[in-house]
Amino acid sequence: MTDLLQQLNDVQRKAVQTTSGPVMVLAGAGSGKTRVITYRIAYLIEHERVAPHQILALTFTNKAAREMRDRIDDLLYPGSTRGLWIGTFHSIFARLLRNYIHLIGYTSNFSIYDADDSKSLIKQVMKELGISTDSVPVNTVQGIISRAKNSFIMPAEFQRDASDYNQQKAAKVYEVYARKLRENNALDFDDLLIKPLELFDKSPELLESLQDYFRYILIDEYQDTNRAQYLVAKRLAAKHRNIFVVGDDAQSIYSWRGADITNILNFQDDYQDTAVFKLVENYRSTRTILRAANGVISRNRRQIEKELVSHRDDGEPLFLLESFNEKREADKVGEHIQSLKMLHGYDYRQMAVFYRTNAQSRVMEDVLRIHRIPYRIFGSVSFYKRKEIKDAVAYLRFIVNDQDSESLLRIINFPPRKIGQASIVKLREYADARGVSLYEAIRNAPDGGFQTRLLNALKGFVSMIEQLKMIAEEGTVYDVLSNLYELSGITSLLQAENTPESLTRYENLQELLSMARDFSDHNQGANGLNEFLNDISLATDYDETPESENYVSLMTVHAAKGLEFPVVFITGLEEKLFPLNCYEPEELEEERRLFYVALTRAEERLFLSWSKSRYHYGQPQVCMRSSFVDEIDSEIVMTEGGRSLSDAPLRQRDDGGGYAGRFNGRPAVPEAVRGRGGSAPAASSESDGLRKGVRVHHAMFGPGEVLSVQGRGEQRKARIRFRTAGEKTLMVQYAKLNIVS
DNA sequence: CTGCGCACCGCACGT
DNA sequence: CGGTGCGCAG
């Protein structure tokens, strides 16, 4: 263990060793955040002799949780993390709820509805309430309800406070939607976070026993917690106050799903005796890349002051690609990937292409395929969102929880068994009249005076379900799934169809089956099916680890958080795409943080790319270059013409050993600022004409007058009085001031 | 009841 | 452009 501590720098080591009381670690990008969490857990187990089950570590992705667990196992010994509670907020609380949710009127076999399930339920409720989706879009209603839930506002309260038209409509839907979830014995994703709070209110004894059980609480990516997550963590930690949070306000990019940046900004208000550690030493990126990132993020007003310090060389300049349309953009990216591989020995796995929206991936994909570049897309159309998988999962859910009428409706006539819409409407009326679940009504249908043809169809369905329920009680998940494929006729239907599409679907179902087999091999418990459904419901396509095979990674910037690559391409750098439509200044700041996340993923080489036109909804649109490009010191950005973006004379011509040598007959990146990067502007900045009394113009603050100038080189600062924004001190190298007079 | 074709509408980002 | 939902014919 002493060895372990030696692998940390001073600040990291203190953060690891401060084991009691509230601790906040502000960890800049690439500063060893994951290292601190994993070493701390290892330290608690090994040095402080804390039992692993007393430690609760909460992350935002399954992948992060899995990686941390593996790393701790590596640090200590295999199996050392047995009993450790490490996982996403959602999966950990789903597990807890399985044990205690009976206290608030659900049963432990509850279904978990994902965003799509929830959307269709909301749509259905709107229909019932006669709220046209033309007047209020479903997405809007879903968003309003989700935000209300994340803020822990219950339907009654929300209805009282609903202000505008949309909110009033949504409030009505919220109430019915919540009731239906309960009737279905189902929870949506937001419920997984707020039901624990209801549980704590209902049973203070339970809360206290959990407080004693989870002696040590650690939270990763704290800047991305929403109100419900904040509250649940706060209450769990209230007794022993061993709460350790790690985050970076500069990387807060999830406010749209309720993340509240004030949680991290105000942590010290909640815990007055917080020990705060700032990790600012970056081990990941070149100085040039960090200079770009620091320059960009410093334009945000609302942040905790910190600037990353590089531990690496200056490295290469950034490279700006400008294309005629998005197809050409993708071409250029492909060409650069090939030349980086050929001329600089990079592997495909060391390179990543980022974009703002998933829709952009298609063109990139097509072009990379033509270039015969192996690639892998993360996210996009998730395996779990495919129709055949959702159908199979609906069957499983329903077998576990026959109150789940949503899942029932999905499978009752798939494959087609002659139970049509009209029959279903009748059955629902029958169920509602008797106050029973839809399935209960179906089982009692023989008493309901329905047509014989329908009764026969229903009888066949019920006997299949009951048979599968029996298998579920005795057999493994694999048994249930394989039998359900057979009995339902799903697989024979797909085989009979015999088209390329049906073949793909068949293969997907086989893939699910092999996942079930794998699960059954590793989980012997009686509640296997429930656990399997938990995993499936909360799994995403983002959980896979890049770099396992040799391909280029394609992903959204959001998906890239937490990852790093030697070479990064940021594409689609256009106004209204990245940054995407921003109406409020705060939205622009979040986009800027997102751009910052993208920049700081790169270790060695960073390409910024934009296209002058792009298809949008099938319509070609003229695009303007993203203002974010202008926020990077132009001297460290090279254009394809081989000049710096500032068009300043280059300090050093390409000597042939530079980046790509020649590229498409044109000079590629000259190594212009190599070896000078950080200090290059220092030489020129002293003669930049900036002195007291000079009139300047700043992109954001507008016109102003220089009051004083201090420092030199990178440290050179100017005190300026702006006509509207007041007095400010700015770093000259980043401020990009234009001298007016 | 089922399958097909057409019209319409929307693209963030993801647990 | 791509997915979805609705209306109509069989």
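Lettering follows sequence order; numbering is per chain, from 1.
- Residue A/Trp256 places its side chain closer to B/dC13 than to any other of B/dC11, B/dG3, B/dC13.
- Relative ring orientation between A/Tyr439 and A/Phe461 is described as perpendicular, the plane-to-plane angle rising above 60° on a 0-90° scale split at 30° and 60°.
- When the nucleotides C/dT4, B/dG10, B/dC13 are ranked by their closest atom to the side chain of A/His558, B/dC13 comes out on top.
- In this model, the phosphate group of C/dG2 is approached by a side-chain N or O of A/Arg362 to a distance below 4.0 Å at OP1 or OP2.
- In terms of phosphate contacts, A/Asn358 brings a side-chain nitrogen or oxygen within less than 4.0 Å of OP1 or OP2 of B/dG14.
- Distance from the side chain of A/Thr556 is smallest to B/dG14 among B/dG14, C/dG5, B/dT15.
- Between A/Ala359 and A/Ala115, the one whose closest nucleotide on DNA chain B sits nearer the 5' end is A/Ala359.
- Within 4.0 Å of A/Lys123, counting heavy atoms only, lie sugar-phosphate atoms of the nucleic acid but no base atom.
- Nearest to the side-chain atoms of A/Ser423 among the listed nucleotides B/dT15, B/dC1, B/dG3 stands B/dC1.
- A/Asn139 comes within 4.0 angstrom of the backbone, heavy atoms only, and of no base.
- Centre separation under 5.5 Å together with a plane angle under 30° does not hold for the ring of A/Tyr615 and the six-membered base ring of C/dC1, so they are not marked as stacked.
- Look at CG on A/Asn581: it is 8 Å from P on B/dA12, rounded to the nearest Å.
- Rounded to an integer number of Å, the gap from A/Arg417 CZ to B/dG3 P is 13 Å.
- Between the P atoms of C/dT4 and B/dC13, the separation comes to 15 Å (whole Å).
- Side-chain contact check for A/Leu193 versus A/Asn226: some heavy-atom pair is nearer than 4.5 Å.
- For A/Thr61 and B/dG14, the shortest distance from a side-chain N or O to OP1 or OP2 is not below 4.0 Å.
- A/Glu591 comes within 4.0 angstrom of a nucleotide base, judged by non-hydrogen atoms across all strands.
- A straight line from CZ of A/Phe354 to P of B/dC13 spans 15 Å, rounded to a whole angstrom.
- When distances run from any side-chain atom of A/Tyr254 to the nucleotides B/dT15, B/dG14, B/dC11, the shortest one goes to B/dG14.
- Of the candidate nucleotides C/dG2, B/dC13, B/dT2, B/dT2 has the atom lying nearest to any side-chain atom of A/Lys418.
- Proximity of A/Lys561 to the phosphate of B/dG14: no side-chain N or O atom is located under 4.0 Å from OP1 or OP2.
- The side chain of A/Tyr617 approaches B/dC11 more closely than any other nucleotide in the set B/dC11, C/dG2, C/dG5.
- Comparing the same atom, C1', in C/dG5 and in B/dA12 gives a spacing of 23 Å after rounding to whole Å.
- Across all strands shown, nothing is found opposite B/dA12 as a Watson-Crick or G-U wobble partner with both distances under 3.5 Å.
- Remark: aromatic rings of A/Tyr222 and A/Tyr230 are distant, center separation not under 6.0 Å.
- We find that CG of A/Asp116 is positioned 13 Å from P of C/dG3, with the value rounded to whole Å.
- For A/Arg227 and B/dT15, the CZ to C1' distance is 20 Å, given to the nearest whole Å.
- Under a cutoff of 6.0 Å and an axis angle of 45°, A/Lys387 and A/Phe414 form a cation-pi pair.
- In this structure, the CD atom of A/Gln229 is 12 Å from the C1' atom of B/dG14, given to the nearest Å.
- Considering A/Ile144, A/Ile122, A/Leu121 as possible partners of A/Val173, the one that fulfils the side-chain contact (heavy atoms from CB on, under 4.5 Å) test is A/Ile122.
- A/Arg257 forms a cation-pi arrangement with A/Tyr254, by the criterion of a distance under 6.0 Å to the ring centre and an angle within 45° of the ring axis.
- In this structure, A/Asn413 reaches the sugar-phosphate backbone alone: every heavy-atom distance under 4.0 Å involves primed, P, OP1 or OP2 atoms, never a base.
- Remark: P of B/dC13 and CZ of A/Phe378 are 17 Å apart, rounded to the nearest angstrom.
- Between A/Glu221 atom CD and B/dC13 atom P the separation is 19 Å, expressed in whole Å.
- Annotation: cation-pi pair A/Arg376/A/Phe378 present, NZ/CZ under 6.0 Å from the ring centroid and within 45° of its normal.
- A residue-by-residue look at A/His616 and A/Asp114 shows that A/His616 has its nearest nucleotide of DNA chain B further toward the 5' end.
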